[in-house]
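Values below: every heavy atom of this structure, side chains too, minus hydrogens, waters and symmetry copies.
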Amino acid sequence: MDAAEEQRMLEEKVGKALEEARTKLDAALDILSNAGAEPVKKVWSAEEAAEYSSLLYSLTYGLEDEDPRVPVRKRNAEPLPLVKESSESLRYATELRGKSSLEGYRNLRTAVYKLRQAHYILEKAGAKKR
């Protein structure tokens, strides 16, 4: 397999991973918006899918040494706005993929970070209820 073919294959896998992350993030957003059951699992699933996409993205575009700064966590943040913001970041990452891979990666890492925050808040709230 030559380098061009390998790059094409990796880009294809990144595309599929981003689609899966989008699907899971949309499901988490839907559950949170409608106060459905098990939002912790849905947000965790979206977080893991975004993290996997991030790994493939960095490998595909040679960004392994990049460590983008993450936004500062807001005090008393609510999970729903965080998931909405991560959805926007994931959308930007997908759009920027062909134009500016570094900027797309930064947006993808921001999405992962915000999903991680939302997951933590939901888990913490669930532990208090028990």
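Screening residues 47-63 for salt bridge (charged side-chain N to carboxylate O under 4.0 Å, His left out), with sequence neighbours left out, gives E47-R116, E51-R109, E51-R116. Residues in residues 53-64 take part in no salt bridge (charged side-chain N to carboxylate O under 4.0 Å, His left out) pair, two or more places apart or across chains.
Taking hydrophobic clusters as Ile, Leu, Val, Met, Phe, Trp and Tyr residues chained together by side-chain heavy-atom distances below 4.5 Å, L63 does not share a cluster with L96. Clustering ILVMFWY residues whenever any of their side-chain heavy atoms sit less than 4.5 angstrom apart, transitively, puts V40 in the very cluster that holds L32.
Here the closest heavy-atom approach between residue L122 and residue P39 is recorded as CD1-O, 4.0 Å. Closest of all the heavy-atom pairs between S53 and A17 is OG-O, 2.9 Å. Nearest heavy atoms, G104 versus A93: O-CB, 3.2 Å. Across all non-hydrogen atoms, the minimal contact from L80 to S33 is CD1-OG, 3.6 Å. Residue A50 comes nearest to L108 through the heavy atom pair O-CD1, 4.2 Å, listed as atom of the first residue, atom of the second, then distance. Closest heavy-atom contact between L25 and S86: CD1-OG, 3.6 Å.
In this structure a side-chain-to-backbone donor-acceptor pair under 3.5 Å is missing from D30 to D26. Of the possible donor and acceptor atoms, one in the side chain of T23 sits under 3.5 Å from a partner among the backbone N and O of E19. Between the side chain of S87 and the backbone N or O of V83 there is no donor-acceptor pair closer than 3.5 Å.
Distance CD/E88 to NZ/K114: 10.0 Å, rounded to 0.5 Å. The line from CH2 of W44 to CD of E38 is 12.5 Å long, rounded to the nearest 0.5 Å. Note that the CD atom of E85 and the CD atom of Q117 stand 8.5 Å from one another [nearest 0.5 Å].
Counted within 6.0 Å of CG on D67, heavy atoms from surrounding residues, nucleotides or ligands total 12 or fewer; the atom is thus considered open.
A 4.5 Å side-chain heavy-atom check between L115 and L82 finds every atom pair outside the cut-off. Contact annotation: the side chain of E66 approaches that of L102 to within less than 4.5 Å [non-hydrogen atoms, C-beta and beyond]. Counting heavy atoms from C-beta on, the side chains of V14 and L59 never come closer than 4.5 Å. Using a 4.5 Å cut-off on side-chain heavy atoms (C-beta onward), E5 and R8 make contact. Residues L29 and K84 are in side-chain contact: their nearest non-hydrogen atoms beyond the backbone lie under 4.5 Å apart. Residues L56 and L18 fail the side-chain proximity criterion, which asks for heavy atoms closer than 4.5 Å.
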Would you please test E103 and R106 for salt bridge (Lys or Arg N to Asp or Glu O under 4.0 Å) and show each step? CA-CA 5 Å; E103 193 60 35; R106 288 180 181 147; 3.5 Å; yes

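Classification of E20 and K16 as a salt-bridged pair fails, no side-chain N sitting under 4.0 Å from a carboxylate O. Salt bridge status for R91 with E95: present, with a side-chain N to carboxylate O gap under 4.0 Å.
Just one of Y105, Y57, Y61 meets the side-chain hydrogen bond (donor to acceptor under 3.5 Å, both in side chains) condition when paired with R97; it is Y61.
With sequence neighbours excluded, the residues satisfying side-chain hydrogen bond (donor to acceptor under 3.5 Å, both in side chains) with Q7 are E11.
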